[in-house]
Structure formats: C-alpha cells, structure tokens
Amino acid sequence: MTSLQFQDLNLNMKLSVLLSAVAVFCIGTLAQNSESGERLPFQSKGKDACVMSPNGQGEIRLKIECKNQGKSYSCEFAGKPSYCRAYNRDKTGFWKKLSEDLSKVTNPCDAQVIKHSLCPKAPSQSQLRQVHGSPQSDTSKPEVKPPAPQKTTTKKPPVTKKPAAPKKPVEEPENPKAMKVAKERCWWYFQKFCSYMIEIFMS
C-alpha cells in the first residue's frame, strides 16, 4: 500500500467517525427536546377543567387552559426539563406526573414557578417559569338585574290650625254702692240697668 492510499484511507476513517458523531448528537437532541404538542387533561383542586400542552424544542413551552362555570383563564410556562433525569428517561410519565401535581393546586396559573416533584435536585433551568398569564374572564351571559323599585313618598296633608275661640268681653266689676241702691229701689229685672244709671250719677 502506497503512502497516498494510506492517507486516503485515514481521511475516510476520520470523516466516518465525524459524521457518526454529528448524527448521534442531532438524533439525541431531537429525541430529548422535541415535543409533539400532546394535550393532557386534568382537574384542579378548585374543580376547574384544565388542559396542559407542552410544545417546542430546546426550551419547552407549557400552556395551561382552564374553565369552570363560564369562567376561563390560561397561562404559559417555559423551561428546559431536559436538565431533569426523569424527563430524559420517560417524557410521557414526566408530563403525566406533572398533571397530577397540578391537580392538587386550586389555580395552576397562580404559581410563578413549577417545580416537578420528580426533579427535586435538578438545576434551576429545569424549572418551568411563567412567561404569560391571562386573568379570569367571565364567558357567561351577564346577569341583568331588574331596576330597583322607586320609593313612593306619601305627602302628609297640611295641618290646619283651628281658629281660636273669641275671647269673652270682660265685664267691668259692678259698683257695690250703686248695686245696693238699685236693689232697694228697682225691680229685680231692672236692677243691673238701675245700678248702671245710679253709678253714672254718683260719679
């Protein structure tokens, strides 16, 4: 074998090893980081019907949508669960276990960070952090309240004061001397008149 042939053989072997390494790296990366967008339903502790769906490559996006009695809300988390060994071993089991963890929470979107129970010692990059959230919105028809009945005010009739009774004229006291003479001199029917006349003459 000539030196030129030996060099060509050595170069081909190096290229084969390099291509094999690149292929293994690409296949491993896709196998670990790609998600099919599977939708996993679960029910929260607050009786909300929720659905979680992981998506993406490299950095995984986890969207959670919940509904209950006409109200709905949603949120989205992002992280790299490939830093967790449990995720690399069994992706399906990983997401199923996460849905079980979220079913113990009243509102899954209240959390800012989701720590998987299967990854207690995993790096912080494996944690799913909330990147978007929408407040609860009421999708039911608004309740129309009837107008409040107006209060009817009854006016009291004006109080009319009774006219004061006319005062009786104060009779002037009779002169005792004139009355004595009238009783002696006049008939009883005309005694007052006589007393009046006598009083005039006596004054």
Side-chain angles (χ1 to χ4, degrees), residues 7-146:
Q7 290 178 359
D8 290 340
L9 180 61
N10 192 17
L11 180 61
N12 290 334
M13 289 178 65
K14 289 180 179 180
L15 288 174
S16 298
V17 172
L18 180 61
L19 292 174
S20 298
V22 171
V24 170
F25 175 79
C26 293
I27 293 172
T29 302
L30 292 174
Q32 290 183 4
N33 296 336
S34 63
E35 294 294 340
S36 60
E38 183 181 2
R39 294 173 62 85
L40 300 171
F42 67 95
Q43 187 181 51
S44 70
K45 188 177 179 180
K47 305 299 181 182
D48 298 336
C50 303
V51 176
M52 54 176 279
S53 51
N55 238 317
Q57 293 182 354
E59 184 179 66
I60 304 300
R61 293 268 178 163
L62 178 68
K63 188 173 183 180
I64 300 176
E65 299 171 290
C66 298
K67 293 181 180 180
N68 186 7
Q69 296 181 353
K71 293 183 178 181
S72 63
Y73 58 92
S74 64
C75 53
E76 191 171 352
F77 294 81
K80 297 180 179 180
S82 57
Y83 281 88
C84 176
R85 291 181 181 179
Y87 174 82
N88 296 325
R89 284 197 301 266
D90 183 8
K91 290 183 184 180
T92 303
F94 177 88
W95 294 119
K96 185 178 180 180
K97 178 60 179 173
L98 182 60
S99 66
E100 293 176 0
D101 293 343
L102 293 176
S103 65
K104 300 174 184 178
V105 180
T106 303
N107 187 335
C109 290
D110 282 346
Q112 296 299 314
V113 179
I114 297 178
K115 298 179 181 180
H116 203 294
S117 59
L118 296 178
C119 311
K121 297 181 180 180
S124 59
Q125 293 91 328
S126 66
Q127 298 173 358
L128 298 168
R129 299 181 182 274
Q130 188 171 149
V131 294
H132 177 72
S134 64
Q136 290 190 5
S137 59
D138 194 349
T139 57
S140 61
K141 292 183 179 179
E143 183 181 356
V144 179
K145 294 183 178 180

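The model shown is predicted, which means the values in this text are computed figures rather than measured ones. We use all heavy atoms of the structure for the numbers below, so side chains are in, but hydrogens, waters and symmetry mates are not.
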SB check R39 E65 (cutoff 4.0 Å):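 Between E65 and R39 there is a salt bridge, with a charged N closer than 4.0 Å to a carboxylate O.
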Measuring from atom [atom1] of [X] to atom [atom2] of [Y], what distance do you get when rounded to the nearest 0.5 angstrom?
{"X": "R129", "Y": "L62", "atom1": "CZ", "atom2": "CG", "result": "14.5 Å"}
{"X": "S126", "Y": "N88", "atom1": "OG", "atom2": "CG", "result": "10.5 Å"}
{"X": "Q57", "Y": "E59", "atom1": "CD", "atom2": "CD", "result": "12.5 Å"}
{"X": "R85", "Y": "K121", "atom1": "CZ", "atom2": "NZ", "result": "10.0 Å"}
{"X": "Q112", "Y": "F77", "atom1": "CD", "atom2": "CZ", "result": "7.0 Å"}

Would you indicate whether the side-chain heavy atoms of [Y] and [X] approach each other to under 4.5 Å?
{"X": "L128", "Y": "L98", "value": "yes"}
{"X": "F42", "Y": "I64", "value": "yes"}
{"X": "D101", "Y": "I114", "value": "no"}
{"X": "V131", "Y": "R61", "value": "yes"}
{"X": "S117", "Y": "K97", "value": "yes"}

Donor-acceptor pair, distance only, cut-off 3.5 Å: does the side chain of S44 make one with the backbone of T106?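 Yes, S44 side chain to T106 backbone: donor-acceptor pair under 3.5 Å.
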Is the backbone of G79 close enough, under 3.5 Å, to the side chain of Q127 for a donor and an acceptor to pair up by distance?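 No, because the side chain of Q127 does not come within donor-acceptor range (under 3.5 Å) of the backbone of G79.
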Minimum heavy-atom distance between A111 and Q130, given as atom pair plus value: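 Closest pair (atom of A111, atom of Q130, distance): O-NE2, 2.6 Å.
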side-chain contact (heavy atoms from CB on, under 4.5 Å), paired with P108, selected from S103, C50, S74: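 The single option meeting the side-chain contact (heavy atoms from CB on, under 4.5 Å) with P108 is C50.
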Please determine whether disulfide bond (SG atoms under 2.5 Å apart) holds for the pair C109 and C66, giving the CA-CA distance in whole Å, both sets of side-chain angles, and the decisive distance to 0.1 Å. CA-CA 9 Å; C109 290; C66 298; 5.5 Å; no
Hey, can you tell me if Y87 and F94 have their rings parallel, tilted or perpendicular (30° and 60° cut-offs)?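 Rings of Y87 and F94: perpendicular, as their planes differ by over 60°.
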